[in-house]
Amino acid sequence: MEASHDALLQRPWLPVSISDCHLLAKSWFGDSAYHVLLTDMHSVWEERMDSAAIQRRAQELNKRLRAPVKAFFSHLCEVARPTLTGSGGRPDSESLISLTRQDDGNISMKLKSELAGLPFYWEFHCTPAPVTVVCVQLVRPLLAMSQLLQRQVEQLGGLLMRKDVEIQDYRENGATLSRERLQTDAFEEQTHREDFMAKTLPLLQHDTLSFNADLQHLYATIVAHGNTRKRKLSEGGCVEEDPPTAEPDLPSTLAGPVRSEPGETGEQSANGKLDTARAKMADRASEQQPRATSSDPERPSSKPKKKKVGLFR
C-alpha cells in the first residue's frame, strides 16, 4: 500500500463529474489493486483496495463470479478509469456509474457493466481520508505551486519595469510609435495588483472546480522534484550540495560586461584600447560563472500486459 501511495502522488488532480457532482479526482490502478482520491474542496475521500479485498467484494456483488482478480480486474479498470479521469467516454453503452453521499459522511460509487455476457457490479466505498494523506497529496503540492507562481509573478513584474525603462530611453532619443493604439501605460505593481484583485475575485466565487493542463503540469513537476530530493536523501546524498534548478543571478559587476560584449565589436575601430579592456573584463567574468549540471532524467515505469480468461462458471 505504500507503493500505491507513492504511485498515486504522481497522478494529477483531474476535474470529474459523477451524478451531477463536480469533484477533483486522482486514481491509480495497478495489476490487482487500486487507490482512489476524491475531493469537493470541503472534504477528501479515499479508498485503497488490495487483491484480497477486491476478490471478497467482487464475490459479494457478483454471486456467480468464480475467477481470480486478474481475470476481471482489467475490465474494472476499463470501465471505471474514464469516469475517474474526467474523459467522459465509456467503453460500452451498458456501463453506468453513479455516486451517492451517505449520511455517515462516506461516498459510494456504484458501477454496472457487462462482462462475458453477464452483468458485472462493483462499488467504490470512499471514506474520509486521513489528514496526513490530504497534506501530502493536496495541501503541500498546492503550497509549493503558489510559492513558485508568486516568484514567477515577481520576476515578470521586474521584467515589465525594465521594459518601461527601455521604452522611455527610446522616447528620449526621438523614437515614436507608428500606431497610437500600441501605446501602453507604465507598469505600476501596486496599482496592477489592486485592479487585478478587484476584477478577478468576483469571478472566482462562481467558478467551478478546475485544474487545467498548465496547473496539472506544474503539479507533476513539483511532485517529481520532491521525489528526486527524497530519493537522493535515501541514497545518502547531500541535497544541499545539489545545483539549483534555475540559473543563479550574477552580480551586476559580472553580468554587465557579458551582456554588453556583442555590442562592443562595432566600436573597436573608434576606441581600441577601451575595447581591449572590456574584453578582458568579460573573459574574467565568464571564468567566474558557475556551471550548471543536468539532473538524471526519470525513468518511465512500464506496466505489464493483462490477460483475460474465462470468468463465470
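These values consider heavy atoms only, across backbone and side chains, with no hydrogens, waters or symmetry-generated copies.
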Hey, could you give me the [atom1]/[atom2] distance between [X] and [Y], rounded to the nearest 0.5 Å?
X      : Y      : atom1 : atom2 : value
Leu149 : Asp214 : CG    : CG    : 10.0 Å
Ile97  : Glu123 : CD1   : CD    : 10.5 Å
Met145 : Ile222 : CE    : CD1   : 6.0 Å
Asp50  : Tyr34  : CG    : OH    : 10.0 Å
Ser108 : Gln102 : OG    : CD    : 5.0 Å
Ile18  : Lys110 : CD1   : NZ    : 14.5 Å

Transitively linked via ILVMFWY side-chain contacts under 4.5 Å: [X] with [Y]?
X      : Y      : value
Met161 : Tyr170 : no
Leu23  : Leu14  : no
Leu142 : Val136 : yes
Leu148 : Tyr219 : yes

Side chain to side chain donor-acceptor pair (under 3.5 Å) involving Gln55 - partner list, sequence neighbours excluded | none
Any residue meeting side chain to side chain donor-acceptor pair (under 3.5 Å) with Asp104, in chain and number order, not counting sequence neighbours | Asn106
[X] side chain vs [Y] backbone, donor-acceptor pair below 3.5 Å:
X      : Y      : answer
Asp164 : Ala186 : no
Arg11  : Trp28  : no
Asp195 : Thr191 : no
Lys26  : Leu8   : yes
Glu47  : His125 : yes

State whether the number of non-hydrogen atoms from other residues, nucleotides or ligands found under 6.0 Å of Asp185 atom CG is greater than 12.
-> no
So do the side chains of [X] and [Y] get within less than 4.5 Å of each other, counting heavy atoms only?
X      : Y      : value
Leu24  : Leu138 : no
Trp45  : Asp40  : yes
Pro12  : His217 : no
Met109 : Thr83  : no
Val139 : Val134 : yes
Leu99  : Ile107 : yes

Specify the closest pair of heavy atoms between Thr39 and Val44, including all atoms of both residues, with the distance to one decimal.
-> OG1-CG2, 3.6 Å
Specify whether Phe120 and Trp122 have parallel, tilted or perpendicular ring planes, treating 30° as the upper limit for parallel and 60° as the lower limit for perpendicular.
-> parallel
